[in-house]
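Numbers here simply count residues along the sequence, with the first being 1. All values below were derived from every heavy atom in this structure, side-chain atoms included, with hydrogens, water molecules and symmetry-related copies excluded.
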Amino acid sequence: MATPQTYIFSQEQHSHLIPYIAALHASCITVDHMVGPFLPPLTNEKLLPWWKERIAEVNQGTRVIVLLLPETAPGKKPPGPDLRGLAMLKLSETETGSFRGYIDAVLVNQKYRRQGGAKALVSALEYEAAKRGRTLLLVDTETDSVAEEAFRKFGYVEIGKVPHFSRVLSNDKKGETFFYKDLLPSA
């Protein structure tokens with residue numbers, strides 16, 4: 001099995017992965033009960049346009065998507081089933097927030113969890129954010145989730161919790177925990 005690597009999403013090299021990206025997202029929502037932008041039932045009609053909008057943001061320079069894939073030979077497109085994970089960074093579009101970025105997704109295929117994939121994806125996003133002058137990163141996670149604990153381990157500082165933040169399939173609401181990380185901490 002090839003060692004996974006992080007790659008910055010490129011329309012030319014990775015657009016064929018969009019259905020696999022949508023399937024990974026759907027799996028995280030339906031199997032893991034992750035709070036996301038959608039409630040089941042999930043359909044391609046719901047997911048694919050949403051992901052195409054995210055790709056358009058990449059093309060506009062307002063979003064970065066990092067993929068976790070096995071190492072791929074230069075010039076060769078990775079097979080869709082090889083997608084192991086992805087993470088997204090939304091870049092602030094305001095003049096007053098031009099130093100901020102918002103991590104709005106870290107998704108790892110169930111088969112590849114607890115192998116450092118989430119850490120690799122977040123590290124790659126942090127690197128890409130810093131390259132773009134985005135030194136203050138924000139993220140929110142479902143309260144009491146694996147993601148909440150992971151971001152603590154990654155050095156993110158908790159700002160606070162909001163109870164009853166997102167609706168879930170059972171019509172209940174789950175809390176959300178908000179974090180930040182300053183990539184250029186003052187000495």
| Are Ile18 and Ile55 close enough, and set up right, to give a side-chain contact (heavy atoms from CB on, under 4.5 Å), and what steps lead you there? | CA-CA 9 Å; Ile18 294 172; Ile55 303 307; 3.8 Å; yes
(request) Flag yes if Leu24 and Val146 sit in one hydrophobic cluster, no otherwise; membership is Ile, Leu, Val, Met, Phe, Trp, Tyr, and two members link when side-chain heavy atoms are under 4.5 Å apart. (result) no
Problem set entry | Candidate pair Leu67 and Thr6, rule side-chain contact (heavy atoms from CB on, under 4.5 Å), full reasoning | CA-CA 5 Å; Leu67 304 173; Thr6 57; over 6 Å; no
Distance col, row Ser145:OG vs Lys174:NZ, nearest 0.5 angstrom, shows 8.5 Å
**Q.** Flag, side chain of Lys181 to backbone of Phe151, donor-acceptor distance under 3.5 Å
**A.** no
Residues Leu42 and Ala26: closest non-hydrogen pair is CD1-CA, 3.6 Å
**Prompt:** Are Leu86 and Leu68 side-chain neighbours, meaning at least one heavy-atom pair lies under 4.5 Å?
**Reply:** no
Are any non-hydrogen side-chain atoms of Leu184 and Asp182 less than 4.5 angstrom apart?
-> yes
- request: Apply side-chain contact (heavy atoms from CB on, under 4.5 Å) to Arg63 and Asp104, showing your working.
  value: CA-CA 10 Å; Arg63 179 176 297 279; Asp104 60 2; 2.9 Å; yes
Nearest heavy-atom approach of Ser92 to Ser98 is OG-N, 4.5 Å
query: Mind checking whether Pro78 and His14 have side chains closer than 4.5 Å, heavy atoms only?
result: yes
| query | How about Tyr156 and Phe178: are their ring centroids closer than 6.0 Å? | reply | no
Separation between NZ (Lys46) and NE2 (His25), nearest 0.5 Å, reads 11.0 Å
**Request:** Determine, stepwise, if the pair Lys90 / Thr62 fulfils side-chain contact (heavy atoms from CB on, under 4.5 Å).
**Result:** CA-CA 6 Å; Lys90 177 68 175 155; Thr62 60; 3.4 Å; yes
To the nearest 0.5 Å, atom CD of Glu176 lies from atom CD of Glu142 at 7.0 Å
Flag the pair Gln11 / Asn59 as yes when at least one side-chain heavy-atom distance between them is below 4.5 Å, and no otherwise. yes
Check: Does any N or O in the side chain of Thr30 come within less than 3.5 Å of the main-chain N or O of Cys28, such that one atom is a donor and the other an acceptor?
Finding: no
Should Tyr112 and Pro4 count as side-chain neighbours, where that means a heavy-atom distance under 4.5 Å? no
Rounded to the nearest 0.5 Å, the OG atom of Ser166 sits from the CG atom of Asp172 at a distance of 12.5 Å
Let's go through Lys161 and Glu148 carefully: what are the C-alpha distance in whole Å and the side-chain angles of both, what is the deciding distance for salt bridge (Lys or Arg N to Asp or Glu O under 4.0 Å) to 0.1 Å, and is it a yes or a no? CA-CA 11 Å; Lys161 297 178 190 290; Glu148 179 183 30; 2.6 Å; yes
ask   = So with a 6.0 Å cut-off around OH of Tyr127, is the heavy-atom count from everything else above 12?
value = no
In this structure, CG of Leu17 is separated from CH2 of Trp51 (nearest 0.5 Å) by 11.5 Å
So with a 6.0 Å cut-off around NZ of Lys173, is the heavy-atom count from everything else above 12? no
query: Any donor-acceptor pair under 3.5 Å linking the side chain of Ser123 with the backbone of Lys119?
result: yes
Heavy atoms of Gly61 and Leu91 approach each other most closely as O-CD1, 3.4 Å
dist Tyr20:OH -> Leu83:CG (nearest 0.5 Å) comes out at 10.0 Å
Student check: side-chain heavy atoms of Arg100 and Tyr180 closer than 4.5 Å: no
**Side-chain heavy atoms of Leu137 within contact of Glu126, under 4.5 Å** = yes
Requested in this report: May I ask you to decide if Ala130's main-chain N or O and Arg134's side chain share a donor-acceptor pair within less than 3.5 Å?
Outcome: no
Ignoring hydrogens and angles, state whether a donor on the side chain of Thr143 or Thr177 is under 3.5 Å from an acceptor on the partner side chain.
yes
Item to complete: For the residue pair Phe179 and Ile103, establish whether any side-chain heavy-atom pair is separated by less than 4.5 Å.
Response: no
ask   = When hydrophobic residues are tied together by side-chain contacts of less than 4.5 Å, even through go-betweens, does Leu48 share a cluster with Leu39?
value = no
Side chain Arg113, main chain Val108, donor-acceptor under 3.5 Å: yes
Closest non-hydrogen atoms of Ala22 and Leu47, given as atom of the first, atom of the second and distance, are O-CD1, 3.7 Å
### Task
Please answer whether the main-chain N or O of Lys76 pairs with a side-chain N or O of Gln13 as donor and acceptor at a distance below 3.5 Å.
yes
